[in-house]
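Numbers restart at 1 for each chain; the letters A, B, ... are given by sequence-line order, proteins then strands. Remember, it's a predicted structure, so these values are computed and weren't measured experimentally. When reading the values below, keep in mind they use all heavy atoms of this one structure, side chains included, and skip hydrogens, waters and symmetry mates.
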Amino acid sequence: MKEILKLIDNKKLGKKLQHLRNARGLTQQEVADRLAIARTTLTAIEKGERLIRPDELTDLSKLYNEPVNRLLRQDANTEPFVVQFRAALRDANDSDLELAIQEFQKLCEDYQHLEQLAGSPLPRKYPPEYMIQNLDPLRRAEDIASLERNRLGLGDSVITNLKNILENEIGIRIFGMPLPSKIAGLFAFTEQLGACVATNTKHPRDRQLLTSIHEYGHFLTTRSKADIVLLRTNPRMSVYERFADAFARFFLMPSSDLQRRFHEIKTIKGGNITAADLLTLADFYSVSFQALILRLEELRLLRPGTWDRLMSEDFKVRKAQEIVGIKSKVGSSQFELPYRYQAFAVQAYDGGDISEGQLARLLRTDRVRAREIVDKFVSRYTISDEGEAFPFSFASLSQPITDVAQAALGRE
Amino acid sequence: MPESNTIIDACSLINFYASTFLDSILKHLSVNFYIVEQVINESLYIRRSDESERGFDYEAIVLESYFKSNLLKVVTLETDNEKNLFINLAELLDDGEAATLSIAISRKMQIITDDKKAIQILKQNFPTVQCVTTLDIMKEWSTRNSIEIKEIKRALHNILIHANYLPPQKHHLFNWWKTIYESD
């Protein structure tokens, strides 16, 4: 067995340890005391000037709650996301948010690690940044939404799989993860990891969709700056935030398409549009009822103030959706990892490149649920004539996982 | 086949727990069973039952009673050699797996694991370590204790349903498993 501590890049490991200590708000003295070593020893370890001992690394792993396996992984040196979010973190003074940002970075690094194992980096097809300074953000948002829809070949059609489009057509990494409730989403960018987005899985799916496109709008105009989307809009929002909000609305509900559909319904209904029609229309665009009503107000298809009036009349959206038969799109506290990420993780596991423990950690789940994810990619069950599930399929077991994953990803 | 000191990795521990015969397995093989503290710190779950409309329900694995009755003992990395081995293995495996292997190698224990990568590492670097799998233990337990076929089948079925574990076709006991599983 090779002596890993003599072979790894000590400077990289030292920097990682320093970032972890800073993220936990610990001083060198505090950590040194807990490890019963001199502060100068810790300084030398963090600078990569002194070889760390196995027991020291194990102790630091426990103290920072970071697996040794992850500490030893030779990821590219990435500046901590928390540095990019420093100003927002200072304002929010929220330790949960800081932890969530760290987890967001780990997800992005894990994704890149899996791509390295698969030998398949995420292609970046970034469009140039659009200028919006000194221009009307709403008008610019509508223009750019239309340009981007055309560039992506979407025309005016309804978007069915936005995450796949943003990942495969542009190269933006999008994760669903539990975030503090008041946070709708996060955006970060580094040269090594590229553009990365996290949406809050605790929020309803339509809200998550809107957040993804908000962050996409942010990427199109100010991609070098990190961004936090708050659930409640701030009246002192910057021009960039107002642009990103409007961009999301215009991108999801293009004016021409929405006007056409609205008038079609109106014609069919003899001029009388009901709340049920609008609930169905909102579901069609995968947006919240509120987002649709406000967009229709914006287009002057509904009277300004319609949403406020509905609220003052105590209109219960969830109840109305139930009556119309629209399924609830409530969130969860689970991680939602990109399909490609999961496919690479399963491929690495099936090929013996990672263990089950590593697989479960990468998939942010426990081992039994990780086994279920493996099953999704490598079907191991056949159905008998009687409809009974029998637990092996020789055909699928003999098919290389690479083929399965590649086929699932729509590649040759 | 079971050595007097045997250490269980998390992947196999889940299977035994899911079988609902963990107690019997730990009691009736005349072996001292160990697990590492890193495995206890991992959140381990099994599935409750067949999938419903809402999906599966899960329950946390609770081992306290086995610790209390000394059927299962927790071990930690102690010597410099073990800690050094652990670090070298932790570059390749998750911490729980690396600690399990380190102690098995250092203390010459038998190891129970079904993990493909862990088995590969042992074969390549530590070929003298006695390594067995869930099925080896299930077969040994059933033979030594003359367990009825329908009970073995129930245990294997539980492992499949509650731990979602299906032995690979290349497993040397796959045919044994298949025969039991297909029996009436």
Side-chain angles (χ1 to χ4, degrees), chain A residues 1-8 13 52-59 61-62 65-74 332 334 348-362 364-375 378 380-381 389-394 396-398, chain B residues 9-11 14 18 38-39 41-47 50-51 55-56 58 60-61 77 80-99 105 113-121 124-126 157 160-169 174 178 181-182:
Chain A
M1 279 237 87
K2 57 186 180 181
E3 291 286 318
I4 187 65
L5 292 182
K6 289 180 186 160
L7 297 172
I8 57 163
L13 176 62
I52 191 165
R53 292 202 318 254
D55 55 334
E56 291 165 346
L57 186 58
T58 312
D59 289 347
S61 151
K62 277 183 194 163
N65 194 24
E66 185 78 351
V68 174
N69 177 252
R70 206 166 193 292
L71 286 171
L72 294 173
R73 209 170 71 194
Q74 298 285 289
S332 72
Q334 306 290 318
Y349 171 69
D350 202 67
D353 291 329
I354 59 171
S355 66
E356 187 179 88
Q358 289 173 301
L359 176 77
R361 206 178 284 281
L362 286 163
R364 303 300 191 273
T365 190
D366 63 88
R367 287 169 182 260
V368 168
R369 275 173 266 217
R371 291 175 188 180
E372 285 165 13
I373 294 170
V374 171
D375 282 350
V378 196
R380 301 189 299 182
Y381 292 83
F390 198 70
F392 40 80
S393 158
F394 297 111
S396 63
L397 279 172
S398 62
Chain B
D9 191 20
C11 57
I14 292 170
Q38 286 86 343
V39 166
N41 296 336
E42 237 188 274
S43 300
L44 302 176
Y45 291 87
I46 57 161
R47 288 200 305 226
D50 286 328
E51 194 169 8
F56 288 107
Y58 301 85
I61 290 182
L77 298 164
D80 286 348
N81 177 45
E82 281 176 1
K83 287 175 187 170
N84 195 36
L85 255 175
F86 165 69
I87 296 292
N88 292 331
L89 288 162
E91 191 224 352
L92 307 166
L93 298 165
D94 201 47
D95 290 14
E97 294 148 350
I105 296 161
T113 182
D114 295 280
D115 191 83
K116 192 195 274 188
K117 192 176 180 190
I119 294 170
Q120 201 179 2
I121 289 168
Q124 280 173 4
N125 300 283
F126 307 97
H157 179 75
L160 181 66
I161 297 300
H162 300 299
N164 196 29
Y165 174 75
L166 175 71
Q169 254 188 284
F174 184 80
K178 192 168 175 269
Y181 206 87
E182 287 177 334

Asks: I need the Asp94(B) CG to Arg367(A) CZ distance, nearest 0.5 Å.
Replies: 6.5 Å
Asks: Return yes if some donor-acceptor pair links the side-chain N/O of Asn69(A) with the main-chain N/O of Leu93(B) below 3.5 Å, else return no.
Replies: yes
Asks: Against chain B, work out which of Ser355(A), Gly352(A), Pro67(A) has the most heavy-atom pairs shorter than 4.5 Å and name it.
Replies: Ser355(A)
Asks: Who among Ile121(B), Asp114(B), Leu92(B), Leu44(B) has the most heavy-atom pairs with chain A under 4.5 Å?
Replies: Leu92(B)
Asks: Considering only heavy atoms, which portion of Gln38(B) lies under 4.5 Å from any heavy atom of chain A: side chain, backbone, both, or neither?
Replies: neither
Asks: By a 4.5 Å heavy-atom criterion (distance strictly below it), what part of Leu71(A) contacts chain B: side chain, backbone, both, or neither?
Replies: neither
Asks: What distance separates Met1(A) CE from Leu89(B) CG, expressed to the nearest 0.5 Å?
Replies: 4.5 Å
Asks: Side-chain contact test, heavy atoms from C-beta onward, threshold under 4.5 Å: evaluate it for Asn88(B) versus Glu3(A) and give yes or no.
Replies: yes
Asks: With a 4.5 Å cut-off on heavy-atom pairs, point out which of Asp95(B), Asp9(B), Ile46(B) contacts chain A the most.
Replies: Asp95(B)
Asks: Quick one: CG on Asp375(A) to CG on Asn164(B), what's the gap to the nearest 0.5 Å?
Replies: 4.5 Å
Asks: Please tell me if the side chains of Phe56(B) and Arg369(A) come closer than 4.5 Å, counting only heavy atoms from C-beta onward.
Replies: no
Asks: Heavy-atom pairs under 4.5 Å with chain A - which of Glu97(B), Gln124(B), Lys116(B) has more of them than the others?
Replies: Glu97(B)
Asks: What heavy-atom pair brings Phe86(B) and Val68(A) nearest, and what distance separates the two atoms?
Replies: CE2-CG2, 3.8 Å
Asks: What part of Lys83(B) is in contact with chain A, defined as an atom under 4.5 angstrom from a non-hydrogen atom: side chain, backbone, both or neither?
Replies: both
Asks: Between Asp115(B) and Glu356(A), what is the shortest heavy-atom contact and its length?
Replies: OD1-N, 2.6 Å
Asks: Is there a side-chain contact between Ile87(B) and Leu72(A) in this structure, where contact means two heavy atoms from C-beta onward sitting under 4.5 Å apart?
Replies: yes
Asks: Contact part of Ala163(B) toward chain A, heavy-atom cut-off under 4.5 Å: side chain, backbone, both or neither?
Replies: both
Asks: Quick check on the interface: out of Leu5(A), Ile8(A), Ile354(A), Leu7(A), who has the most heavy-atom pairs with chain B under 4.5 Å?
Replies: Ile354(A)
Asks: Quick one: what part of Ser61(A) sits under 4.5 Å from any heavy atom of chain B, side chain, backbone, both or neither?
Replies: side chain
Asks: Using heavy-atom distances under 4.5 Å, tell me whether Asn84(B) contacts chain A through its side chain, its backbone, both, or neither.
Replies: both
Asks: Does Asp80(B) have more than 12 heavy atoms from other residues, nucleotides or ligands lying within 6.0 Å of its CG?
Replies: no
